[in-house]
Amino acid sequence: LEARERTRHEAVLADGLRRLADAGYQATGELVVGEAIHEITDCAARIEAHLIVVGHKHRDSWAARWWRSSISGALIEQAPCSVLVVITR
């Protein structure tokens with residue numbers, strides 16, 4: 001990632017962790033770069049995660065869904081732990 005883009009991603013991560021802490025939740029986060037499925041499943045295995053939470057945005061048509069692969073679908077198949085898919089609009 002470019003330095004500016006990485007800084008922006010790190011700020012979003014820090015903000016999310018702060019919001020969770022403010023709500024009384026204990027959470028950690030990590031920014032990784034690479035192929036999404038590989039990086040997420042490797043990280044989950046390394047930290048012995050019990051749950052991966054991932055967002056999924058519905059595509060408009062079956063053709064749009066077919067054309068692009070689904071990260072959430074691949075995670076369900078490959079993750080070393082449970083996966084919670086949250087539908088976003």
Side-chain angles (χ1 to χ4, degrees):
L1 288 176
E2 245 181 66
R4 184 183 315 175
E5 187 177 357
R6 185 173 186 88
T7 301
R8 185 177 63 82
H9 288 298
E10 288 170 344
V12 170
L13 174 62
D15 181 57
L17 292 172
R18 181 190 50 76
R19 288 176 183 220
L20 287 168
D22 290 350
Y25 297 99
Q26 181 182 1
T28 59
E30 175 177 341
L31 177 62
V32 294
V33 178
E35 194 275 317
I37 303 304
H38 175 76
E39 294 297 334
I40 294 169
T41 56
D42 278 3
C43 182
R46 181 172 31 84
I47 66 171
E48 299 179 355
H50 296 276
L51 178 67
I52 296 171
V53 179
V54 62
H56 175 78
K57 186 174 267 190
H58 280 293
R59 306 234 191 281
D60 297 36
S61 68
W62 70 268
R65 289 191 299 273
W66 174 79
W67 184 253
R68 293 185 174 174
S69 62
S70 166
I71 290 177
S72 56
L75 278 175
I76 290 169
E77 295 297 323
Q78 298 179 33
C81 60
S82 296
V83 177
L84 174 63
V85 179
V86 179
I87 304 299
T88 60
R89 305 261 178 224

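For the single chain, residues carry numbers from 1 onward in sequence order. In this text, all values refer to a predicted model and were calculated from it rather than measured experimentally. Values reported hereafter were calculated over all heavy atoms of this structure, with side chains retained and with hydrogens, waters and symmetry mates removed.
- I40 CD1 to L75 CG: the interatomic distance, rounded to the nearest 0.5 Å, is 5.0 Å.
- From I71, atom CD1 reaches atom CD of Q78 across 11.5 Å, with rounding to the nearest 0.5 Å.
- Under the rule for a side chain to side chain contact (heavy atoms under 4.5 Å, CB included), the partners of L84 that lie at least two apart in sequence or sit in another chain are L51, V53, V86.
- When all heavy atoms are compared, the tightest approach of A45 to P80 is N-CG, 3.8 Å.
- One distance of note links CG of L17 with CD of Q26; it measures 11.0 Å at 0.5 Å rounding.
- The side-chain hydrogen bond (donor to acceptor under 3.5 Å, both in side chains) check on S72 picks up H56, S70, with sequence neighbours excluded.
- Here side chain to side chain donor-acceptor pair (under 3.5 Å) pairs that include residues 11-20, with residues two or more places apart or in two chains, are D15-R18, D15-R19, R18-D22.
- If you run side chain to side chain contact (heavy atoms under 4.5 Å, CB included) between R6 and each of E2, R8, E10, R4, only E10 comes through.
- Of all non-hydrogen atoms in H38 and E35, the two that sit nearest each other are N-OE1, 2.8 Å.
- Interatomic distance, OG1 of T41 versus CD of E77, reported as 12.5 Å (0.5 Å rounding).
- H50 contributes atom NE2, which lies 7.5 Å from atom CD of E48 (distance to the nearest 0.5 angstrom).
- When every heavy atom of E30 is checked against every heavy atom of L13, the shortest pair comes out as N-CD2, 3.8 Å.
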